[in-house]
Student: 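Pasting a structure below so you can have a look.
Within every chain, numbering begins at 1; the chains are lettered A, B, ... in the order of the sequence lines, protein sequences first and strands thereafter.
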Amino acid sequence: MSMIGARILAWYKSNGRLMLPWRVVRNPYATLVSEFMLQQTQVDRVTPKFDAFMKAYPDIFALARAGRGDIIRQWVGLGYNSRAVRLHAVAQRITSDFAGRIPEDEATLRSLPGIGPYTARAIMAFGYNHTVCATDTNIARIIHRLFFGLEIPPKVKWATVDARAQELVPSGKAHDFNGALMDFGSTICTARKPACKGCPLAGDCIAAPIDHGLLQEARKDIAGKNKPRIPFEQSARFARGRIVDRLRALPAGSSISLLDLQADIEPVLHPVLRGDILGIVEALQDDGLIRVDDRKTVALV
DNA sequence: AAGCCGGGGAC
DNA sequence: GTCCCAGGCTT
């Protein structure tokens with residue numbers, strides 16, 4: 001095992017978040033659920049939702065036969081509701097095509113909806129302890145700093161960083177190693193305020209010690225090139241969220257007329273959004289989140 | 001490559 | 001107010 005691998009595992013043993021619910025349960029199904037929840041969503045937001053979800057759907061079969069609308073209800077507070085739709089589809093595919101056994105090879109995992117390069121490897125590493133690195137933005141940042149220097153601006157391509165990450169995984173210890181890097185990235189080697197002082201890897205790191213002001217300046221240059229964003233309250237995303245929330249509030253199995261939905265939603269929307277409701281409803285339907293029947297009543301799918 | 005998909009928290 | 005987050009899909 002590499003020196004860095006050993007150091008990071010030692011750090012994890014005493015500083016890692018070993019009690020995260022999906023680490024305690026530690027099986028491929030729990031990994032599948034948690035990884036979908038964790039896509040672009042912080043640990044602290046997922047933690048309280050995970051247990052309730054697992055209680056409602058204890059295994060892949062329970063999830064597969066559940067109503068999609070109920071799953072979307074369970075998803076409240078997590079955002080990116082399409083993930084719930086895809087997770088449900090994955091559960092159905094796995095029960096129908098693989099007898100409920102969650103695949104453990106990258107190609108098969110990647111063929112499932114909502115499972116990309118990161119999530120496939122995360123399931124392999126966390127669910128099956130296969131020797132791969134689930135390189136996410138967090139791990140990529142750490143590897144970049146360690147071997148190529150400060151990541152802003154990027155010195156090498158993502159593929160180069162990822163290749164270096166794969167080499168680093170200690171054989172047979174992928175679960176702990178990946179967890180260690182992620183915990184390390186969220187507490188020590190953070191994006192905004194890396195704590196190089198006291199970092200156990202500082203001696204191995206090209207980027208260390210990172211000057212906070214310098215990092216801030218580098219980041220500002222990137223930000224300057226960012227396109228101006230419209231306020232969240234004026235975005236279609238916001239309206240989508242309000243519509244789905246309104247439908248979540250309906251008793252399971254019931255629906256609301258399109259007109260009533262519009263009347264309920266409009267007051268909480270920014271004026272620029274009020275003419276867009278029908279189009280947004282249609283987009284939600286295309287995404288498989290809601291259903292509009294021939295009598296113009298709306299419900300969660 | 002760029003835009004879209006949520007929303008809460010850090011700074 | 002801006003950026004960040006255990007990304008993935010579509011165009």
Student: CD1 of A/Ile243 versus C1' of B/dG6: gap in Å, rounded?
Tutor: 14 Å

Student: Salt-bridged, A/Asp245 to A/Arg248, with N to O below 4.0 Å?
Tutor: yes

Student: Please measure how far the P atom in B/dG8 lies from the corresponding atom in C/dC9, and state the result in whole Å.
Tutor: 25 Å

Student: Heavy atoms only: give me the nearest A/Met124-A/Leu109 pair and the separation to one decimal.
Tutor: CG-CD1, 3.7 Å

Student: Measuring to OP1 and OP2 of B/dG6, would you say a side-chain N or O of A/Asn81 lies under 4.0 angstrom away?
Tutor: yes

Student: Let me know, please, whether A/Gly114 or A/Arg17 comes out on the 5' side of the other along DNA chain C by nearest nucleotide.
Tutor: A/Arg17

Student: Quick one: is the NZ or CZ of A/Arg164 closer than 6.0 Å to the six-membered ring centre of A/Phe147, and within 45° of its axis?
Tutor: yes

Student: Honestly, is A/Arg121 close enough over A/Tyr118, meaning NZ or CZ under 6.0 Å from the six-membered ring centre and within 45° of the axis?
Tutor: no

Student: Is there a donor and acceptor pair closer than 3.5 Å between the side chain of A/Arg192 and the base of C/dC3?
Tutor: yes

Student: Compare the minimum distances between each of C/dA6, C/dG8, B/dG7 and the side chain of A/Asp183, then state the nucleotide with the smallest one.
Tutor: C/dA6

Student: Select one nucleotide: of C/dA6, C/dC5, B/dG6, the one nearest the side-chain heavy atoms of A/Phe232.
Tutor: B/dG6

Student: Base of B/dG6, side chain of A/Arg240 - is there a donor-acceptor contact under 3.5 Å?
Tutor: no

Student: Using atom CG of A/Asp286 as one end and atom P of C/dT10 as the other, report the distance to the nearest whole Å.
Tutor: 12 Å

Student: Could you tell me how far B/dG9 sits from C/dG8 if I compare only their P atoms? Round to whole Å.
Tutor: 24 Å

Student: Name the nucleic acid region contacted by A/Ala191, choosing base, sugar-phosphate or nothing; use a 4.0 angstrom heavy-atom cut-off, strictly under.
Tutor: sugar-phosphate

Student: What contact category does A/Trp75 fall into here, base, sugar-phosphate, or nothing, at under 4.0 angstrom with non-hydrogen atoms?
Tutor: nothing

Student: What about A/Thr41: does its side chain form a donor-acceptor pair under 3.5 Å with the base of B/dG8?
Tutor: no

Student: Expressed as a whole number of angstroms, how long is the span from A/Tyr80:OH to C/dG8:P?
Tutor: 12 Å

Student: Any idea which of C/dC5, B/dG7, C/dG8 is nearest the A/Asp245 side chain?
Tutor: B/dG7

Student: Quick test of your reading of the model: are A/Arg23 and A/Asp183 salt-bridged, counting only N-O distances below 4.0 Å?
Tutor: yes

Student: Would you tell me if any nitrogen or oxygen in the side chain of A/Arg242 comes within less than 4.0 Å of OP1 or OP2 on B/dG7?
Tutor: yes

Student: Find the distance A/Arg141:CZ to C/dC3:P and express it as a whole number of Å.
Tutor: 16 Å

Student: A/Pro113 or A/Gly185: which one's nearest nucleotide on DNA chain C is closer to the 5' end?
Tutor: A/Gly185

Student: Rounded to the nearest angstrom, tell me the gap between atom CG in A/Leu215 and atom C1' in C/dC3.
Tutor: 12 Å

Student: Assess whether a salt bridge exists between A/Asp162 and A/Lys157, defined as any Lys/Arg side-chain N lying under 4.0 Å from an Asp/Glu carboxylate O.
Tutor: no

Student: Can you tell me the distance, in whole Å, between the OH atom of A/Tyr118 and the P atom of C/dG7?
Tutor: 6 Å

Student: Nearest to the side chain of A/Thr137, heavy atoms from C-beta on, is which of B/dG6, C/dC5, C/dA6?
Tutor: C/dC5

Student: Taking atom types as they are modelled, is there a donor-acceptor pair under 3.5 Å from the base of C/dC5 to the side chain of A/Gln42?
Tutor: yes

Student: Can you tell me how far P in B/dG6 sits from the matching atom in C/dT11, rounded to whole Å?
Tutor: 16 Å

Student: Return whichever of A/Lys193 or A/Gly79 has its heavy-atom-nearest nucleotide of DNA chain B closer to the 5' end.
Tutor: A/Gly79

Student: Scan A/Ile139 against the nucleic acid and name what it touches under 4.0 Å (heavy atoms): base, sugar-phosphate only, or nothing.
Tutor: nothing

Student: Provide, to the nearest angstrom, the distance between the CG atom belonging to A/Leu38 and the P atom belonging to C/dG7.
Tutor: 8 Å

Student: May I have the distance from A/Glu35 (atom CD) to C/dC5 (atom C1'), rounded to whole angstrom?
Tutor: 13 Å

Student: Kindly say if A/Gln40 contacts the phosphate of C/dC5, meaning a side-chain N or O under 4.0 Å from OP1 or OP2.
Tutor: no

Student: Applying the 4.5 Å side-chain criterion to the ILVMFWY set and letting contacts propagate, would A/Leu87 and A/Val46 be lumped into a single cluster?
Tutor: yes

